[in-house]
Amino acid sequence: MSPSHQWYGILPGWVPFYALILVAVALFARRAAFLVRLMLIGKPAARWDHVSARLLSVLVNVLGQARLLRGDFWPGLMHATIFWGFCILTLGTIEFFGTGVTEAFYLPLLSNTPAYLILQDAFSLGVIAAIAYAMFRRLVTKPRRLTLSIEGLFILLMILGLMVTDLAADASRIVLAPAPSDHWQFAGRALASVLAGLPRGAVEALFQVAWWSHAVLLLGFLVYLPYSKHLHVMAAPFNVFFGPQTPKGRFPTADLENAESFGVGTIAEFTWKDLFDLYNCTECGRCTSGCPANISGKELDPKWLILNLREHLQEGGQGLISKAGNGGNETAHEVPMVGGAIKDNVLWACTTCRWCVDACPVFIEHVPKIVDMRRWLVLTESRFPAELQPTFRNLETNGNPFQLSWQTRTDWAKDLGVKVMSDVNEAEYLYWVGCYGSFDERNKKVARAFVKLLQSAGVDFAILGNEEKCTGEPARRLGHEYLYQTLAQGNIETLKRYRFQTIVTACPHCFNTIRNEYPDFDGRFKVIHHSELLDELVASGRLRVTRNRSERITYHDACNLGRYNDVYEEPRRVLASTSRGALLEMSLNRKKGFCCGGGGGRAWMEENEGRRVSQVRVEQAMEVKPDILASACPFCLTMFEDGVKSKEVADKIKTRDIAEVLAESLE
């Protein structure tokens with residue numbers, strides 16, 4: 001609504017307008033101050049590092065709406081249009097209030113300029129169209145991930161009202177006090193041509209109604225904002241700024257020596273950033289839309305996890321603030337957070353695949369919260385599924401999650417002539433075999449195939465042998481942080497005794513843990529996944545491969561390899577080097593890949609709720625009719641072995657690691 005000296009005289013009286021502004025700002029400030037105080041009951045979290053990278057993230061993901069557009073495009077474009085419209089129309093709002101201070105108010109380089117006026121009208125119409133699409137989705141198509149709510153519809157109607165009243169006031173003003181710049185306001189001018197035939201008194205009345213309606217809606221929205229789910233409109237830019245700058249695969253490390261309690265069992269034990277996350281949920285359901293636990297029928301719903309935590313936080317309200325101010329951190333709730341607001345089985349259903357975190361447009365961190373609550377269940381309450389007891393015991397006594405002696409760790413390689421570090425002390429590559437490659441009968445074949453490839457390429461490598469222990473990754477994801485740290489520190493001490501240039505492993509879980517989490521314990525090593533090394537060996541000609549396979553091959557992206565570490569193309573190139581045909585892609589691939597169901601320690605737990613995640617993924621593979629379902633992770637391979645058997649397609653679909661496919665294709 002651009003100011004013009006010619007129409008200043010027709011504006012309403014400013015005294016009631018000033019009063020309206022003061023009341024609205026006071027109510028908004030009161031609520032905002034409460035929310036800030038409530039957030040600050042959380043524990044400290046350092047989120048001021050890497051300022052330039054944080055600002056770039058805001059530029060790309062807030063102003064550019066990159067995550068929204070990367071997901072479902074049309075809903076993303078709808079939301080982006082509303083957001084960009086708000087950005088443009090906020091400038092109009094500044095003008096709207098500025099004219100109340102002085103007739104001469106204007107925005108430098110913007111007011112009355114053609115580009116600015118065109119953008120204002122274009123986005124007014126664009127936002128109206130976007131709201132119509134949003135209403136259609138909520139009332140007609142009803143996507144599974146959206147929850148139909150009166151509040152959501154009310155907010156859409158408020159935004160629609162702002163756009164309509166703005167255009168109506170502009171059109172009335174053009175009729176009553178035309179200005180040269182009106183030529184550029186195409187929407188306002190078109191509506192003004194409709195109003196031109198009305199009596200002047202009627203147009204003046206319309207202007208008054210539209211102007212005051214716009215003012216009341218605008219200030220009402222300001223007051224309502226911090227009470228509604230649209231609080232994210234103001235909070236999201238800050239949440240994106242404070243997003244993690246650590247590697248995606250690094251989970252927060254607990255200080256077990258100085259901690260008074262372990263994990264997070266009450267809302268006040270989260271960090272302030274965890275609590276700020278709760279203010280930001282847009283209820284869009286993108287986190288739920290690709291969650292393997294939810295899709296397979298488990299109770300876990302990442303959206304409702306955050307919403308239930310938010311409700312739990314706000315129910316405590318002033319009581320939490322008072323207790324925090326008195327030095328206490330206990331909650332003011334009768335219902336416990338873990339086991340009450342958040343049920344145990346919700347936490348244990350998570351595969352830590354990170355879909356929810358990557359899909360969230362406002363950078364909410366779901367998975368670390370789940371792991372923190374698991375830590376509380378395991379270390380403080382000793383409350384966890386019974387099947388995990390032998391897993392924890394085996395990790396502690398055998399250094400592996402299986403009930404097998406650590407002294408048999410090298411039995412798989414006895415006839416292969418593989419060097420052991422304790423004998424040679426030095427090698428170019430240290431092959432980290434992992435527990436599955438060492439003990440699981442199916443994955444021993446993968447380890448042997450990989451050794452065959454390394455030997456064929458003349459690679460200088462050795463293994464730790466019986467000195468290798470589990471990296472501790474399953475223990476950490478399951479919440480047993482103490483056991484993880486014990487295993488990690490022991491492995492780091494072992495690794496530091498030997499000389500090597502690079503660690504290579506076929507297990508993405510080991511790869512991610514050594515690469516991203518061991519540095520927290522001064523374990524800094526160069527680590528690559530076996531797909532990266534195999535890709536390099538094929539490309540350099542050190543591995544000569546016959547490209548004569550005719551089978552139809554599809555590839556599954558392991559979460560710890562792809563989503564956590566962005567390794568997508570190397571395994572595909574390895575498979576492509578063996579086949580005459582093109583690689584088949586499942587509908588969910590790369591960054592949108594679907595979990596196998598074995599992550600987050602789920603490989604050692606029963607699926608008593610819903611369907612098996614591995615069956616869902618095998619069904620997705622069956623859609624492209626492959627002969628080979630290839631993967632690059634022992635967890636995935638194990639889950640798919642079970643999946644194809646349970647779907648009774650084991651005679652049609654072979655499950656293979658990429659190393660096996662490549663080894664079968666050597667000249």
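Under a 3.5 Å cut-off, the side chain of Asn394 and the backbone N or O of Pro390 do form a donor-acceptor pair. Not one N or O on the side chain of Ser579 forms a donor-acceptor pair closer than 3.5 Å with the backbone of Ala576.
One finds the CD atom of Glu664 at 8.0 Å from the CD atom of Glu551 (value rounded to the nearest 0.5 Å). Taken to the nearest 0.5 Å, the OH atom of Tyr436 stands 9.5 Å off from the CG atom of Leu637.
In this pair, Phe439 and Phe402 present their aromatic rings tilted. The plane angle is within the 30 to 60° band. Aromatic ring pairs are classed by plane angle as parallel below 30°, tilted from 30° to 60° and perpendicular above 60°; the pair Tyr484 and Tyr518 is tilted.
Relative to the six-membered ring of Tyr568, Arg563 misses at least one condition, a distance below 6.0 Å or an angle of at most 45° to the axis. A cation-pi geometry, defined here as NZ or CZ lying under 6.0 Å from the six-membered ring centre and within 45° of its normal, holds between Lys469 and Trp406.
One finds a salt bridge joining Asp566 and Lys248 here, because a Lys/Arg side-chain nitrogen approaches an Asp/Glu carboxylate oxygen to under 4.0 Å. Remark: Lys369 engages Asp274 in a salt bridge, criterion side-chain N to carboxylate O under 4.0 Å.
The minimum heavy-atom distance between Ser456 and Leu543, with the atom names listed, is CB-CD2, 4.0 Å.
Around the CZ atom of Arg497, the shell of radius 6.0 Å holds more than 12 heavy atoms that belong to other residues, nucleotides or ligands. Surrounding NZ of Lys419 are more than 12 heavy atoms belonging to other residues, nucleotides or ligands, all under 6.0 Å away.
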Decide yes or no on salt bridge (Lys or Arg N to Asp or Glu O under 4.0 Å) for Arg374 and Glu481, but give the supporting numbers first.
CA-CA 10 Å; Arg374 283 182 174 183; Glu481 181 71 8; over 6 Å; no
